[in-house]
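Residue numbers start from 1 in every chain, and the chains themselves are labelled A, B, ... in the order their sequence lines are given, proteins ahead of strands. These figures come from a predicted structure and were not determined experimentally.
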Amino acid sequence: MLALSVFSLCHTSVLYADDGKLLATGAVTTIEGTSGGGIVPWATLASYAEEGEWGVTVNANFADVEDFQLGVQSINFNYDNRIELSVAQQRLGLNTIGGDLQQDIYGLKLRLYGDLVYGTAPQVAFGIQHKRNKTYALPEAVGARDDSGTDYYVSAAKAWLAGPFDRTWVANYTLRATKANQLGLLGFGGDVNDDYDLVSEASVGMFINRQWLVGAEYRQKPDNLGFAKEYDWRDVFVGWFPNKSVAVVLAYVDLKSIAGLPDQTGAYVSVQVSF
Amino acid sequence: MKYKFLALVFSLLLLPAQASDLYRALGEKQGIDDLMASFVLEIAADERVIEHFENVDIERFHRMISQHVCELVGGPCVYEGANMIEVHTGMNITRSEFNAIVENLITAMEQHQLAVSTQNQLLAILAEFHGEIVGR
């Protein structure tokens, strides 16, 4: 009798992974390990966990531009479609200069209110990204002030089921307070500016059908280091959501000039698996 | 009398013109009835939501939802059932269950090879009921 009740308790437990959200509404995983586009965190939470459910997403990103290669691996937990915890490791290969830059990013995101799909209010989330640079010698040499830093951001995202051309559209705006130079790979703060900057980041996408999303992103950057100007980033992307387990993104990224090396354009690929 | 007759002719002329593009894209009354039949079959095969339909008269459910959709998309139908809040009160429909129903509708629309634009228009209309259906 006891065994039976324990069994039924387990059976009805709220702690089960499930796929309660609609396809693609967990978005993809950014280069900083959180749910979003490629370079912009969104108000979405990763995986397909809805209320009372949990989900895990693992992700790998790779960008190959003229003089640099960025590799990212991350893991991301979502409970209740309310709280998202993420850990990401970034490694930037310096092809022409030699060596690499590395950092770890610990992310927390809370959905505050609203819903991506239903109702008129946008889904709004607040997030923190705590970043720890593991290769601080070079950042310090070029004028960075700290080997760790914390970004704070607020994001608002909305999907329109039947937007222009009767296609489903999604848009996101993120306002971030940051001291990070080139995401933090070149440390935090600098000789020119050591205060927090407020930067805007935005994405817009259109679903051609249920599985294919095309879109563009823009990300403002601070400019704290005197040795080289830091530029805003942008990309155009194609996302593929064949099912609720896998998502793949291909993008063309334009990172302008990084560390004084111009014309950093190239390809970006991202693969994520959700459980 | 003359005016009554004119009004009747006018309203008869007006009826087909009022029927929306979406109503036509869905195959009018017959198309909506068929689509809703597939939708109901999808729901009946879905373990995530079937518990809510255990004591439901499926034929009546099909008739009412077809009538409701026909009216909502601008067809010449009048929905005679109760409003969505009344219908769903006490059911405790979760957000996941609502999404499961949406997925069943998408599967049915795919079976009927409806264009993505037609699917999106219908989904957008029905998604408006989320607040009246979930958590009641």
Would you mind telling me which of B:Val116, B:Thr94, B:Asn99 has the largest number of heavy-atom pairs within less than 4.5 Å of chain A?
B:Asn99
Side chain, backbone, both or neither of [X] within contact of chain A (heavy atoms, under 4.5 Å):
{"X": "B:Ala127", "result": "both"}
{"X": "B:Leu122", "result": "neither"}
{"X": "B:Glu97", "result": "neither"}

Most heavy-atom pairs under 4.5 angstrom with chain B, which of A:Asn81, A:Leu23, A:Asp115, A:Thr25?
A:Asp115
Does a side-chain N-to-carboxylate-O contact under 4.0 Å join A:Arg219 and A:Glu32?
yes
Under the criterion side-chain contact (heavy atoms from CB on, under 4.5 Å), I'd like the reasoning laid out for A:Val117 against B:Val102: C-alpha separation, chi angles, the key distance, then a yes or no.
CA-CA 12 Å; A:Val117 178; B:Val102 171; over 6 Å; no
Are B:His68 and B:Phe129 close enough that their ring centers fall under 6.0 Å?
yes
Using side-chain contact (heavy atoms from CB on, under 4.5 Å), reason through B:Glu28 and B:Tyr23 one step at a time and then give a plain yes or no.
CA-CA 5 Å; B:Glu28 305 195 337; B:Tyr23 175 66; 3.7 Å; yes
Could you label the plane-to-plane angle of the B:Phe98 and A:Tyr118 rings as parallel, tilted or perpendicular, counting under 30° as parallel and over 60° as perpendicular?
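Plane angle over 60°, so perpendicular.
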